[in-house]
Amino acid sequence: SVEQIARERGLVSGTIYSHLAEAIEAGETVDLNRLLKPEEQKAIEDAFSKLGFGNLTGVKEWLNRKFDYGILRIYRSVCQTQQKTAGLSQ
């Protein structure tokens with residue numbers, strides 16, 4: 001888990017999430033199923049669909065602060081990368 005990696009490296013989980021988001025944006029793949037249950041992914045998807053990718057604070061509030069900013073950034077990075085990739089293949 002992200003928390004375990006952070007503990008082992010003497011970092012906070014936010015740092016690990018930031019590194020993951022940067023890696024995703026650089027082309028690395030991350031399986032969201034390893035980080036979030038399908039129903040959690042759906043809730044986050046719905047919130048971003050309603051509020052937009054630029055409104056991270058609004059999404060966090062909409063989801064009753066259930067998710068850390070880090071995981072929301074990861075989800076956003078994965079979705080934006082998938083959208084870019086889909087746009088390139090068309």
Side-chain angles (χ1 to χ4, degrees):
S1 74
V2 168
E3 290 74 19
Q4 181 182 2
I5 293 168
R7 219 176 9 260
E8 288 174 3
R9 297 185 180 182
L11 301 169
V12 295
S13 60
T15 301
I16 304 302
Y17 282 123
S18 292
H19 291 171
L20 282 170
E22 290 171 14
I24 292 164
E25 291 163 11
E28 294 294 324
T29 58
V30 171
D31 182 3
L32 285 175
N33 294 318
R34 296 186 68 183
L35 300 171
L36 294 162
K37 297 175 187 168
E39 61 271 13
E40 293 173 327
Q41 291 179 49
K42 178 68 173 132
I44 294 171
E45 175 187 1
D46 292 346
F48 274 121
S49 292
K50 182 165 185 65
L51 301 170
F53 283 128
N55 191 357
L56 205 59
T57 300
V59 168
K60 185 172 174 75
E61 295 296 324
W62 180 264
L63 296 168
N64 297 316
R65 299 179 176 262
K66 181 179 177 186
F67 301 97
D68 182 90
Y69 279 114
I71 197 68
L72 296 175
R73 284 186 189 105
I74 296 294
Y75 184 90
R76 179 177 67 184
S77 293
V78 168
C79 290
Q80 289 177 324
T81 300
Q82 288 173 344
Q83 287 177 352
K84 286 178 190 174
T85 304
L88 292 175
S89 65
Q90 293 181 357

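What's counted below: heavy atoms across the whole structure, side chains too, no hydrogens, waters or symmetry copies.
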A.B. asks: When rounded to the nearest 0.5 angstrom, what distance separates CZ in Arg76 from OG1 in Thr81?
C.D. replies: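 Separation between the atoms: 11.0 Å.
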A.B. asks: Could you give the distance from CD (Gln82) to CG (Leu32), rounded to the nearest 0.5 Å?
C.D. replies: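 Going from CD on Gln82 over to CG on Leu32, the span is 7.0 Å.
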A.B. asks: Linking I/L/V/M/F/W/Y whenever their side-chain heavy atoms sit closer than 4.5 Å, directly or via other members, would Leu20 and Ile5 fall into one cluster?
C.D. replies: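 Yes, Leu20 connects to Ile5 through the hydrophobic network.
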A.B. asks: Once salt bridge (charged side-chain N to carboxylate O under 4.0 Å, His left out) is applied, do any residues pair with Asp68, and if so which ones, sequence neighbours excluded?
C.D. replies: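 Partners of Asp68 under the salt bridge (charged side-chain N to carboxylate O under 4.0 Å, His left out) test: none.
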A.B. asks: Measure across Val78 and Val30 and return the closest heavy-atom pair with its distance rounded to 0.1 Å.
C.D. replies: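 It is CG2-O, 4.3 Å.
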A.B. asks: Does some side-chain heavy atom of Lys60 sit less than 4.5 Å from a side-chain heavy atom of Leu56?
C.D. replies: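 Not touching, per the 4.5 Å side-chain cut-off.
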A.B. asks: Just wondering, more than 12 heavy atoms not from Glu28 lying within 6.0 Å of its CD?
C.D. replies: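 Open.
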A.B. asks: Under a 4.5 Å side-chain heavy-atom rule over Ile, Leu, Val, Met, Phe, Trp and Tyr, are Tyr17 and Leu11 clustered together?
C.D. replies: yes
A.B. asks: Identify the heavy atoms of Ala21 and Arg73 that sit nearest to each other, and give their distance.
C.D. replies: CB-O, 4.5 Å
A.B. asks: Is any side-chain heavy atom of Val2 less than 4.5 Å from a side-chain heavy atom of Ile74?
C.D. replies: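 With C-beta onward as the side chain, the pair stays apart.
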A.B. asks: The criterion is salt bridge (charged side-chain N to carboxylate O under 4.0 Å, His left out); which residues satisfy it with Arg34, sequence neighbours excluded?
C.D. replies: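 Checked Arg34 against salt bridge (charged side-chain N to carboxylate O under 4.0 Å, His left out); zero matches.
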A.B. asks: Got a sec, which residues hit side-chain contact (heavy atoms from CB on, under 4.5 Å) with Glu40, two or more places apart in sequence or on another chain?
C.D. replies: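 For Glu40, the residues satisfying side-chain contact (heavy atoms from CB on, under 4.5 Å) (neighbours in sequence not counted) are Leu36, Lys37, Lys66, Phe67.
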A.B. asks: Looking only at heavy atoms, what is the nearest atom pair of Ala43 and Leu63, with distance?
C.D. replies: O-CD2, 3.6 Å
A.B. asks: Hey, can you tell me if Phe48 and Phe53 have their rings parallel, tilted or perpendicular (30° and 60° cut-offs)?
C.D. replies: tilted
A.B. asks: For residues Asn33 and Gln41, determine if any side-chain heavy atom of one lies less than 4.5 Å from a side-chain heavy atom of the other.
C.D. replies: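 Side chain of Asn33 against side chain of Gln41, heavy atoms only: contact under 4.5 Å found.
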A.B. asks: Does the pair Asp46/Lys42 count as a salt bridge with the N-to-O cut at 4.0 Å?
C.D. replies: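 Result for this pair is yes, salt bridge flagged.
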A.B. asks: Compute whether any side-chain donor of one residue and acceptor of the other, for Ser77 and Glu25, lie under 3.5 angstrom apart.
C.D. replies: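 Result is yes, a qualifying pair exists.
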